[in-house]
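Comments concern the structure below.
Chain naming here is simple, since letters A, B, ... match the order of the sequence lines and numbering starts at 1 in each.
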Protein chains: 2
Amino acid sequence: MSSNGFELPLRLLLAFRMLIDELHAELARQGHPDIRPMYGFVMQAIGPDGTTAVELGRALGVTKQAAGKTVDNLERIGYAERATDPRDSRRKLVRLTPRGMDALDRSARIFDTLRARWAAELGEDRLQALESDLRRMTPDNPWRLDIPGWFGAL
Amino acid sequence: MSSNGFELPLRLLLAFRMLIDELHAELARQGHPDIRPMYGFVMQAIGPDGTTAVELGRALGVTKQAAGKTVDNLERIGYAERATDPRDSRRKLVRLTPRGMDALDRSARIFDTLRARWAAELGEDRLQALESDLRRMTPDNPWRLDIPGWFGAL
DNA sequence: CATGATAGACAACCTGGTTAACTATATGGG
DNA sequence: CCCATATAGTTAACCAGGTTGTCTATCATG
């Protein structure tokens, strides 16, 4: 069975999906029921210091318009806010609200918990080997995700 | 770095994405430029014997309407066809066309090649360990993917 | 034969993506 | 100093793929 090349991508996707589903179930339990799968990546890309729509689009590998729409949604549910840059009035700084920060912090902690569950199941050494192998097979630059919306779009 | 829980899902996704991108680049090179990332999963779910929209939806974890729309698209680009079931005229059998079959066959071979590349890089034993660990952490039933469109939708 | 279950189609809507066109602001060179 | 160009953001129109809800046609059964 392990010689079937189709299984590898499938398992990678299932594993990813499981982690993300568990993350969101837990986030919902902790008071963030409105987070969509994508938002975590977007908030991570916004980061604690804020960014702009154009930079965000570049970071996520989507157009500035798409990035803008997503920020609209984050703004609508109270996780991000926009403010004009005083030093360049073309730019609008996108920053996380305290609620957004909270969601981001909790996500990080939940991911750590989930990783610990994997370590308990597989053993820390096996998990580190797995992470190391994945790191070896994937691009170095962890950012420039290109992720949201890629599936089904490209 | 490997104690950062955020890296695991990210690497899983990047690895998946890489494989899928390489698959589609190679499929395009081999005469199938119109395949979208999802179609591979859908064609795999249709299988060599055909299925119906309802069954397909169940297999993919989406509604029958969504499955129907996707079949519309596969039909449009000549990879699937529909025919009324002679034994139950409510049902419409969805089958792959020869072109669809060809794409599916090539996909399987390309995935095998990609897996071989991973084996060459990581060693067959490490790769088998990786697959085995992923298998251990993900649901048993390989089908019922629940995949297409899940990201961004749920 | 009437009733209920099932398959499919259609419409309206949502999200997240795209291109394209437009406005407003910076910036740098004649 | 001013104009040309580049950049940030918005808006609009579209697409893909998903959802619910409704409707019709067919099957199967009491």
* Could you say whether A/Pro86 or A/Ala67 is positioned toward the 5' end of DNA chain C, judged by the nucleotide with the nearest heavy atom to each? => A/Ala67

* Sugar-phosphate, base or nothing in reach of A/Ser89, heavy atoms under 4.0 Å -> sugar-phosphate

* What pairs with A/Ala15 under side-chain contact (heavy atoms from CB on, under 4.5 Å), at least two apart in sequence or on another chain? -> A/Trp118, B/Leu12, B/Leu134, B/Thr138

* **Pairs touching residues 72-116 of chain A that satisfy ring-ring contact (aromatic ring centres under 6.0 Å, His included), sequence neighbours left out** => A/His32-A/Tyr79, A/Phe111-B/Phe6

* Could you tell me whether A/Asp85 contacts a base, only the sugar-phosphate backbone, or nothing, with contacts defined as non-hydrogen atoms closer than 4.0 Å? => nothing

* **Integer-rounded Å distance: C/dG17 C1' and B/Met38 CE** => 15 Å

* Asked: How close or far is atom P of C/dG16 from atom CD1 of A/Ile35, stated in whole angstroms?
  -> 12 Å

Return a table of donor-acceptor pairs under 3.5 angstrom between the side chains of residues 60-68 of chain A and protein atoms on other chains or two or more places apart.
| residue | atom | partner | partner atom | Å |
| --- | --- | --- | --- | --- |
| A/Thr63 | OG1 | A/Ala66 | N | 3.2 |

* OP1 or OP2 of D/dG18 less than 4.0 angstrom from a side-chain nitrogen or oxygen of B/Thr70, does that happen here? -> yes

* To do: Ignoring backbone atoms, test whether B/Tyr39 places a side-chain nitrogen or oxygen under 4.0 Å from the OP1 or OP2 oxygen of D/dA16.
  => no

* With distance as the sole criterion, is a donor-acceptor pair present between the side chains of A/Glu55 and A/Thr51 under 3.5 Å? -> yes

* With sequence neighbours left out, write down each residue that passes side-chain contact (heavy atoms from CB on, under 4.5 Å) with B/Thr113, or none if nothing qualifies. => none

Just the atom pairs and distances: protein N or O near nucleotides 6-9 of chain C's N or O, under 3.5 Å.
| residue | atom | partner | partner atom | Å |
| --- | --- | --- | --- | --- |
| C/dT6 | O2 | B/Arg90 | NH1 | 3.1 |
| C/dG8 | OP1 | B/Lys92 | N | 2.6 |
| C/dG8 | OP1 | B/Lys92 | O | 3.1 |
| C/dG8 | OP2 | B/Ala53 | N | 3.4 |
| C/dG8 | OP2 | B/Val54 | N | 3.1 |
| C/dG8 | N7 | B/Lys64 | NZ | 2.6 |
| C/dG8 | O6 | B/Lys64 | NZ | 3.0 |
| C/dA9 | OP1 | B/Lys92 | NZ | 3.0 |

* For B/Arg76, check side-chain hydrogen bond (donor to acceptor under 3.5 Å, both in side chains) against everything at least two apart and list the hits. => B/Asn73

* To do: Give the rounded distance in Å between these two atoms: CG of A/Asp34 and P of C/dC14.
  => 16 Å

* **Closest to the A/Lys69 side chain, choosing from C/dA26, C/dT18, D/dG17** => C/dT18

* Tell me whether the OP1 or OP2 atom of D/dG17 has a side-chain N or O from B/Asn73 closer than 4.0 Å. => yes

